[in-house]
Amino acid sequence: MPELPEIETSRRGIEPHMVGYQIARVIVRQPKLRWPVSEQINALKNSPVLSIGRRAKYLLIELDSGWIIGHLGMSGSVRVLPEFIEPGKHDHVDFVLSNGKVLRYTDPRRFGSWLWTDDLADSGVLMHLGPEPLGDEFSGEYLFKKSRGKKTKIKPWLMDNRLVVGVGNIYASESLFESRILPTRPAGSLTKREADLLVAEIKRVLARSIEQGGTTLKDFLQADGKPGYFAQELQVYGRVGEPCRVCGTLIESEKLGQRSTFFCRRCQK
DNA sequence: ATTAGACCCTGCCAGC
DNA sequence: TGCTGGCAGGGTCTAA
C-alpha cells in the first residue's frame, strides 16, 4: 500500500489532529510486527506531540522525550478516528490522544514497525538512508556519478534505499516509463542526459502523486478515509497486456529482483 | 564489495 | 462451492 506519496499524504492528514495535543496512552493489541513495538512507546503517558515529520517512508512523531519512528510496511495505514470506534481485527496499535481521538494503526501483513529513538541521527533504521528524492541533493549529476560501473539492472537499483529513498515499486516503473528507459538496462549504461531526465521524472511523478493524495490500489485511504487518486494516472504499473497510452503497444511485465516490473518495449529503450 | 535470493505475514483472486 | 497456488505497495538478512 504505502509508498512515499502515501506516507506523505498520511503525515499531512494526521498532523493537525496530533500536533499541540498529547498522546495520553498507547494501546498495543499485537506487538509482533516487523520488530516488537518498542517498550518506550508502550510506556508513553501524556506526552505532548511537537511535530509530525517524515524521512523516507518513515513517519517521525516528535515528542519532548524523543521520536516515535513508524513504518507502514506493505499493508499498513494510519487513520485518525474518534476514540469510541471499536478496533478491527488488524488494528494493532492505538495512540490515544488528549482530544478524544485516536491514531489507529492497521496492518494485515504486519510488516510495519513502531520504534523509538532519543537521537534521530543515531537511529539504526535511518542512519544509512540515501537522499530524499524531492530534495536538491538528489540530482542528475548525483545519479549519474553513482551509476558509473554498476551492472545491476536500473529498476532494482533505483529501489535501493542507500542510493535514494522513497522510490518504491510503483513509482520506479512509472518514472522509468516517463523517462523512456528500459528497466532491465544496467545502471552503468545511463547517459548523463538520461540521468538528468530520470531524476526529473522521479521528482515529477512523486510530487504529482502527493498532490493527488497518493495511489489507492486496494485499500489505501488518507487519514480522513478518502482514497488517493493517482491510480487513475498510472501509465504502466499493473497494466500488463493493456495498450500503452502513448503508442498502443501492449504493456509487458517481468520480475526484477523479486518485484513485478512494468514497461512498454516500444517507448522505452 | 556487490548482487541475488529467501523471508517476515495475511488476504485476495484466478484457475481448476 | 472449495481448494490451491501465486501474488501483493517494503525492508533486512544471508550467502554466493
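Every chain is numbered from 1, with letters handed out A, B, ... down the list of sequences. As the structure is a prediction and not an experimental result, all values here were calculated from the model.
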Asks: At under 4.0 Å between heavy atoms, what does A/Ser113 touch on the DNA or RNA strands: base, sugar-phosphate, or nothing?
Replies: nothing
Asks: Apply side-chain contact (heavy atoms from CB on, under 4.5 Å) to A/Val26 and list each qualifying residue two or more places apart in sequence or on a separate chain.
Replies: A/Ile23, A/Val28, A/Ile41, A/Leu44, A/Val93, A/Phe95
Asks: Taking B/dC9 as the reference, what is the distance to C/dC13 when you measure between their P atoms (whole Å, please)?
Replies: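 Taking atom P in both C/dC13 and B/dC9, they lie 15 Å apart.
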Asks: Among B/dG5, C/dG10, C/dA8, find the nucleotide with the atom closest to the side chain of A/Tyr237.
Replies: C/dA8
Asks: Which label fits A/His71 and A/Tyr58: parallel for a plane angle under 30°, tilted from 30 to 60°, or perpendicular past 60°?
Replies: perpendicular
Asks: If you only use heavy atoms from C-beta on, which nucleotide in B/dT10, C/dG10, C/dC7 is closest to the side chain of A/Glu3?
Replies: C/dG10
Asks: Among C/dT12, C/dG10, C/dG9, find the nucleotide with the atom closest to the side chain of A/Met159.
Replies: C/dG10
Asks: My understanding is that only one of A/Arg185, A/Lys269, A/Arg180 makes a salt bridge (Lys or Arg N to Asp or Glu O under 4.0 Å) with A/Glu194; could you say which?
Replies: A/Arg185
Asks: Go through A/Asn169 and A/Lys155 one step at a time and tell me if the side chain to side chain donor-acceptor pair (under 3.5 Å) criterion holds.
Replies: CA-CA 9 Å; A/Asn169 205 34; A/Lys155 195 259 197 169; 2.4 Å; yes
Asks: Is any side-chain heavy atom of A/Cys264 closer than 4.5 Å to one of A/Cys247?
Replies: yes
Asks: Taking only the side-chain heavy atoms of A/Lys151 (C-beta and beyond), determine which of B/dA6, B/dT3, B/dG11 contains the nearest atom.
Replies: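 The answer is B/dT3, which lies nearest to the side chain.
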Asks: Given that A/Tyr58 and A/Arg109 both sit by DNA chain C, which one's nearest nucleotide is further toward the 5' end?
Replies: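 Counting from the 5' end, the first nearest nucleotide belongs to A/Arg109.
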Asks: Is there a stack between A/Phe111 and B/dC9, judged by ring centres under 5.5 Å and planes under 30°?
Replies: no
Asks: Measure from the side chain of A/His90, starting at C-beta and using heavy atoms only, and say which of B/dT10, C/dC7, B/dT3 lies closest.
Replies: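 Closest nucleotide to the A/His90 side chain: B/dT10.
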Asks: Which is true for A/Lys153 with a 4.0 Å heavy-atom rule: it touches a base, it touches only sugar-phosphate, or it touches nothing?
Replies: nothing
Asks: What are the two closest heavy atoms between A/Gly135 and A/Lys203, and how far apart are they?
Replies: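 In terms of heavy atoms, the two residues are closest at O-NZ, 2.7 Å.
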Asks: Using a heavy-atom cut-off of 4.0 Å across all strands, would you classify A/Lys32 as base, sugar-phosphate, or nothing?
Replies: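 Nothing, no heavy atom under 4.0 Å.
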Asks: Heavy atoms only, 4.0 Å cut-off, all strands: where does A/Arg110 land among base, sugar-phosphate and nothing?
Replies: sugar-phosphate
Asks: Can you give the dot-bracket line for DNA chain B, where a pair is Watson-Crick or G-U wobble with both atom distances under 3.5 Å, crossing pairs use [ ], and | marks a partner on another strand?
Replies: .|||||||.|||||||
Asks: By a strict heavy-atom criterion of less than 4.0 Å, which residues belonging to residues 161-169 of chain A are in contact with DNA chain C?
Replies: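 Heavy-atom cutoff 4.0 Å gives A/Asn161, A/Gly168, A/Asn169.
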Asks: Tell me: CG of A/Leu256 to P of C/dG9, nearest whole Å?
Replies: 12 Å
